[in-house]
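Bear in mind that the values here come from a model prediction, so they are computed numbers and not experimental data. Chain letters run A, B, ... following the sequence lines, proteins first, then strands; residues in each count from 1.
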Amino acid sequence: MRSISTEAKVGLFILIALIILGYMSFQVGEYGFGLKKGYIVTAVFDNVTGLERDAAVQIAGVEVGKVEKISLVDGKALVELRILPNVQVEKDATISIKTHGILGDKYVDIVPGETKGSYIAERGQFQNVEKQADIDKLLVELGNIAEDIRVVTGALRKVVGGDAGESNLSAIITNVKELTANLNSVVKANDRKFTVLVDNLTSASKQMEQTFASLSEITGKVNQGEGTLGQLVTNKGVFEKLDNTLASIQTITEKINTGEGTLGQLVTNKGVFEKMDNTLASIQTITDKINAGQGTIGKLVNDEETVTNLNSSLKSIDKSMVGINRFVSKADQFRTFLGYRGEYFFEKSDGKSYIDVTIQPKEDKFYILGLVSDPRGRRKTYDRITDGVTVRTEEWDRNGLLFNAQIGKRFNDLLLRGGLLESTGGFGVDFFAMRDNLKLTFEAFDFDLDRDPHMKVFGEYQILKHLYLTAGWDDFLNRDNDSLFAGFAIRFEDEDLKYLLTSAPIPK
Amino acid sequence: MIQLIDIHKSFKKQKVLDGLNLEIEDGKITVIIGRSGGGKSVLLKHIIGLIKPDSGQVIVDGDDIAAMNERQLNETRKKFGMLFQEAALFDSMNVEDNVAFPLREHTKKKEREILEIVKDRLQAVGLPGVEKKMPSELSGGMRKRVGLARAIALHPRIVLFDEPTTGLDPIMTEAIDKLIVDTQKMYNLTCIIISHDIKSALEMGDKVAMLYEGRIIEEGTPEKINNSENPILRQFLSGSLEGPISVI
Amino acid sequence: MNRLIQAIDRFGRSILWYVEEMGRISLFFISALSWLVRSPLKVRLVFKQMEFVGVKSIFVVVLTGTFTGMVMSLQGYYGFRLFSAESLVGSTVALGMTRELGPVLTALMVTARAGSAMAAELGTMKVTEQIDALYVMAANPIRHLIVPRVVASIAMVPALTIVSDFMGIMGGYFVGVKLLKINEGIFLKNIYKLVGLDDIYNGLIKAACFGLILSLVGCYKGFTTYGGAEGVGRATTEAVVIASISILISDYFLTALMF
């Protein structure tokens, strides 16, 4: 058997690779395969934002199909769904678009209808389309509700808030208590009279009942024509007597009307009515007073002054907020950094420390103030004149601290600064790279005619948020003092100092 | 005619060739003897331009190899064939392809002709019928012979041999030596052989040169070498530990 | 103090060595390039190398690609499930494979398989004087040995990457859709939607660069081998290390350049 040639193997492999590449490119560029069985139903939505082709179609959470196609028809979205062949959807089923979770994918949800036996056919359309609960809309609604609640609580706060509000409230409660107590006592005071009144009424009605009973008896006898009355009816004298009786009844009722007798007294007794009247009147007065703005509640509800007071206090709060805002925004621009920097000099086996405050009123402007402890100390020169010759002597004050006071401005990646460097005039150039993680610095200071200026180059690299590593070559022009060094620096933004400084007037 | 004039060569700080002068005559066998690691291979590689001297000239047919560029060098190299120490057959090719390699590379011959030549060369080195074998299937001696077949495939005028008999048994050594002499006569070759096998050298060489400490300290006919009074040469010839060459 | 300086010195030297090595490899590349342009390609040799670098690496690339896709799918699923965004698993796998993992993993596998073999083969040729033999026969070894390998690698690593990409996505699909039951349509849809042609083609450009790197380093290391069998071993190790590092480093820059 001849083995396959190298060329054939390679060619075959490249061919396969190209076919796969073509396939992948085609898939990425075009619509791919999906399930092709099942039938199509359609639904028209106002908005199908986020719904993708091939998204799931679910009934009761069970996937029954996929979105086949989404197209625009008359400004609405026509969605074609491919439903599994063994799933039937009632004609009155409701269709809607839902989301898995808040950020999840959109899918089509179908709620089955009631009428069994009547199903949507191939290419049939859903009649019941539920509007999509648009997240945006929902958020707007929620916003409105929140706004309303805010207004209500705001008003409440205006009324209730503060000490005055609290005392007012308690006054209201006290008043209400008093009022009910008064009402109570009025009712109590008239209690006995009411009882008598009711008793009288009861007895009067009893008498009346007896009267009517005997009347009934009489009329019964009359009808039968028995006794006196029966005899009476046929008797002229009886009529006259009856007439007189009726007349006397009339008199009695008249007497009741005029307030005579117990019943009359009851009906006509002015005192009772007056008292009740008065009670009602006083209630009326209270509400009137409230309306007129008298009393605590009234004042609270009606008084113009309260409202203006409230308004003005709100205004003052507003003003102070503006002030705070200005303060805060100023403080925001304003940045302050505290830094410590330690350098170890290999040649001298000694260290040098820097402490500095960098104030950054603007993004590109810096003030640097600092102290430097140099093991060499501070140089002092003395001129002494001996025999007409000036002799300059230098001394290094080991205890002396050196000062840094510089002003700097940044241009893109370049920071130029100048001023006092280690208590002498000088300047520095910082070059920032790698998103400010790396700083390359050149400094020159201590310019002296007698010797070379002190020059220093170093790099500083940020390894942690506040921690920097540094290394460089110090005073490289002076052979007797030059040294390689390495060290670290800590630098952080100080928030407290920032507020302290921003409240003090600083020239901008 | 090949002339080596005042060749200096150092690797790092070690001096290997130190003002070497040598003349090699056409149509003769020149054997260069010397100690192992004494710079013989380096000398050979200078002749074919694999190594360029730090200073000095390597003149082949009047042209300085040391000053040539790649293209000129390749032209000159077509005059050469070389048999390497371990034959340096291409592992990935069978014997036939190995021997055919220079032919395919440098001639426009038809494949049939090439196979004919390969067969002829293998016949010449006494290895007919090994065409389809891979180098790893061959013994050391067979490999050297295939290497020789490849070296002479293009009919070169000059053939270089880098220790052709090292690592072979005495009979195979003899066979190879004879093969070299026969081939030289058959094709009238200029042969340059480096060897530390003094016996072989004296037998086959028309001229023998002794390389010691970067220079040729003695050269001439085998008789002259054999009768030389040079103590170094004497020690080398006798193979004794006593003498100016310190071994340890 | 001295020790510190020594440490710095060593560090500096190793960086310098790497830079020098880079420079030498670049020069090597230039000479290979010049030979590529100067003379016609040795088609047969190229095909032979293509078989070695490409065809014989298919199995290992299929394996790594598939399992990488599978594990990405699995890991992605657990992450995305927290946001109910499981459907993004497919596109994550596909993007990861086409942009990064396909080219890089393929290149690393080919480095381990073929790059090391190149170094070993050429190294052996070097120490057994086969390379010298080529020179002697006026056949430039760069043309015969290096150019075919470099050309084959540049062609084959992208081809293998295609296979790796595809198998990775298939593996991710298998785990995501078949095992974890992510909706198939959305899984695929998100792949189609989020993966662009650019992602695939840029990945292939990367792969070609990696092919160049690994073959150059492998050849260079082999070509400059010295010191017998031990030297061959050293050359092989160095080839794999340098090629792998260079692939990963250049990957960053290529990514920064392309995406």
Side-chain angles (χ1 to χ4, degrees), chain B residues 11-12 41-42 44-52 65 68-93 97-107 135-136 140 143 146-148 150-154 156 158-163, chain C residues 27 30-32 34-35 37-53 56 114 117-149 152 219 222-229 231-232:
Chain B
F11 292 107
K12 300 235 168 101
S41 289
V42 173
L44 205 62
K45 285 178 180 172
H46 272 91
I47 295 171
I48 202 162
L50 281 177
I51 298 174
K52 298 217 167 182
I65 280 189
M68 282 181 182
N69 63 24
E70 184 79 17
R71 186 169 303 179
Q72 295 167 315
L73 206 54
N74 278 340
E75 279 310 306
T76 311
R77 276 175 182 160
K78 287 178 189 169
K79 297 175 186 167
F80 286 90
M82 180 163 174
L83 175 58
F84 286 86
Q85 205 163 335
E86 303 290 338
L89 298 180
F90 300 126
D91 297 326
S92 54
M93 301 177 187
D97 290 338
N98 260 294
V99 178
F101 185 87
L103 297 164
R104 291 192 177 127
E105 197 63 22
H106 295 299
T107 65
S136 54
R143 260 194 281 197
V146 175
L148 179 59
R150 188 177 69 180
I152 58 175
L154 265 184
I158 307 157
V159 181
L160 312 180
F161 297 85
D162 189 354
E163 309 211 356
Chain C
L27 289 175
I30 289 166
S31 70
S34 73
W35 274 104
V37 181
R38 240 195 298 175
S39 59
L41 222 53
K42 291 266 165 189
V43 179
R44 264 204 55 212
L45 294 177
V46 172
F47 268 107
K48 235 176 155 180
Q49 288 303 323
M50 279 180 158
E51 185 191 7
F52 177 68
V53 173
K56 290 187 174 166
M118 287 176 194
E121 196 181 347
L122 295 189
T124 309
M125 291 184 77
K126 172 78 178 180
V127 299
T128 57
E129 296 183 301
Q130 291 177 48
I131 287 176
D132 282 342
L134 277 171
Y135 274 121
V136 167
M137 286 185 268
N140 189 293
I142 290 182
R143 182 180 169 215
H144 279 83
L145 300 175
I146 313 302
V147 171
R149 283 169 170 79
C219 291
F223 214 67
T224 53
T225 303
Y226 58 93
V232 175

- [ ] Answer with side chain, backbone, both or neither: which region of B:L89 has an atom nearer than 4.5 Å to a non-hydrogen atom of chain C?
- [x]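 The answer is the backbone of B:L89.
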
TODO: Identify which of B:E105, B:M82, B:Q85 forms the greatest number of heavy-atom pairs closer than 4.5 Å to chain C.
DONE: B:E105

Task: Pick from B:L73, B:I48, B:D91 with the largest number of heavy-atom pairs that fall under 4.5 Å of chain C - done: B:D91

Open item on the list: If you apply the rule side chain to side chain contact (heavy atoms under 4.5 Å, CB included), what do you find for B:R77 with B:I65, and how did you get there?
Closed with: CA-CA 10 Å; B:R77 276 175 182 160; B:I65 280 189; over 6 Å; no

Open item on the list: Nearest 0.5 Å, please: how far is CG in B:L160 from CG in B:L50?
Closed with: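 Answer rounded to 0.5 Å: 9.0 Å.
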
- [ ] Can you check whether anything in residues 42-53 of chain C gets within less than 4.5 Å of chain B, heavy-atom wise, and list it by number?
- [x] C:K42, C:K48

Task: For B:D97, salt bridge (charged side-chain N to carboxylate O under 4.0 Å, His left out) partners two or more places apart - done: B:R104

Task: Between C:H144 and B:F101, ring centroids under 6.0 Å - done: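 Yes, they do, as the ring centres are separated by less than 6.0 Å.
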
- [ ] Decide if atom CZ of B:F11 counts as having more than 12 heavy atoms of other residues, nucleotides or ligands within a radius under 6.0 Å.
- [x] yes

Open item on the list: Which residues pass the side chain to side chain donor-acceptor pair (under 3.5 Å) test with C:T124, not counting sequence neighbours?
Closed with: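 Side chain to side chain donor-acceptor pair (under 3.5 Å) list for C:T124, sorted by chain: empty.
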
- [ ] Check side chain to side chain donor-acceptor pair (under 3.5 Å) between B:K78 and all other residues, then give those that pass, not counting sequence neighbours.
- [x]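 With neighbours one apart ignored, the set is B:E75.
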
- [ ] Could you tell me which portion of C:M137 (side chain, backbone, both or neither) has an atom closer than 4.5 angstrom to a non-hydrogen atom of chain B?
- [x]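 Both backbone and side chain.
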
Task: Derivation of the side chain to side chain contact (heavy atoms under 4.5 Å, CB included) call for C:D132 and B:F84 - done: CA-CA 9 Å; C:D132 282 342; B:F84 286 86; 3.6 Å; yes

